[in-house]
Amino acid sequence: MRALLLALVLTGTVPATAQDDVWIAGATAEQQHLTILGLTMGIQVMHLAALFAGKQLFCQPEGVAITDDEIMRLVATELSGPQDTPSIALTAVKKLIETYPC
């Protein structure tokens, strides 16, 4: 099971588009995409590490992919306009926990 989860995280694809409601202050479109991609991958790894420890931060429904678009969609419900990267990351984790409770 752990190997399957790790394989899913490592082989996941993340689309290149993100919503325009929230953006990273001072970042170009390419920098923003790479930052959100990194945040998304970090959240996936954090979730996987919690599963390995026998805990779940959120319960991702079948058929729902945690992509950069999903992260930005969730964050846009709480934030708008330019943000710093930590604000987006913390809000994303909070919104995942609220949106997909266990």
Side-chain angles (χ1 to χ4, degrees):
M1 178 69 163
R2 288 180 181 185
L4 174 62
L5 291 172
L6 182 58
L8 290 173
V9 168
L10 294 177
T11 62
T13 58
V14 181
T17 61
Q19 293 186 11
D20 294 329
D21 303 12
V22 176
W23 65 92
I24 300 168
T28 66
E30 182 178 359
Q31 290 169 329
Q32 175 169 295
H33 171 71
L34 292 174
T35 301
I36 298 302
L37 178 62
L39 289 174
T40 302
M41 292 177 74
I43 289 169
Q44 290 170 336
V45 169
M46 179 186 67
H47 181 62
L48 184 61
L51 289 174
F52 285 165
K55 301 175 176 149
Q56 285 190 270
L57 300 174
F58 56 90
C59 291
Q60 183 176 339
E62 286 188 38
V64 173
I66 304 300
T67 64
D68 61 342
D69 280 340
E70 176 68 359
I71 295 298
M72 291 305 286
R73 184 189 68 77
L74 291 171
V75 168
T77 64
E78 195 157 314
L79 301 175
S80 65
Q83 302 292 323
D84 58 10
T85 303
S87 296
I88 294 172
L90 293 173
T91 301
V93 172
K94 176 182 172 236
K95 295 303 290 181
L96 284 166
I97 292 168
E98 290 173 357
T99 305
Y100 306 121
C102 295

Open item on the list: Once rounded to the nearest 0.5 Å, what's the spacing between atom CG of Leu48 and atom CE of Met41?
Closed with: 12.0 Å

Task: Nearest-0.5 Å distance, CD of residue Glu30 to OG1 of residue Thr35 - done: 10.0 Å

- [ ] Enter the distance from Leu57:CG to Cys102:SG here, rounded to the nearest 0.5 Å.
- [x] 8.0 Å

- [ ] Identify the heavy atoms of Pro101 and Cys59 that sit nearest to each other, and give their distance.
- [x] O-CB, 3.7 Å

- [ ] Please work out whether the ring planes of Phe58 and His47 are parallel, tilted or perpendicular, with thresholds of 30° and 60°.
- [x] parallel

Open item on the list: Once rounded to the nearest 0.5 Å, what's the spacing between atom CD1 of Ile66 and atom CG of Leu74?
Closed with: 7.0 Å

- [ ] Please name the pair of heavy atoms, one in Ile43 and one in Ala92, separated by the smallest distance, quoted to 0.1 Å.
- [x] CD1-CB, 3.8 Å

TODO: Drop me the distance from Glu70's CD to Gln60's CD, to the nearest 0.5 angstrom.
DONE: 8.5 Å

Task: Joint hydrophobic cluster, Leu90 plus Ile88, side-chain heavy atoms closer than 4.5 Å - done: no

Open item on the list: Would you compute the distance between atom CG of Asp68 and atom OG1 of Thr40 and round it to the nearest 0.5 angstrom?
Closed with: 5.0 Å

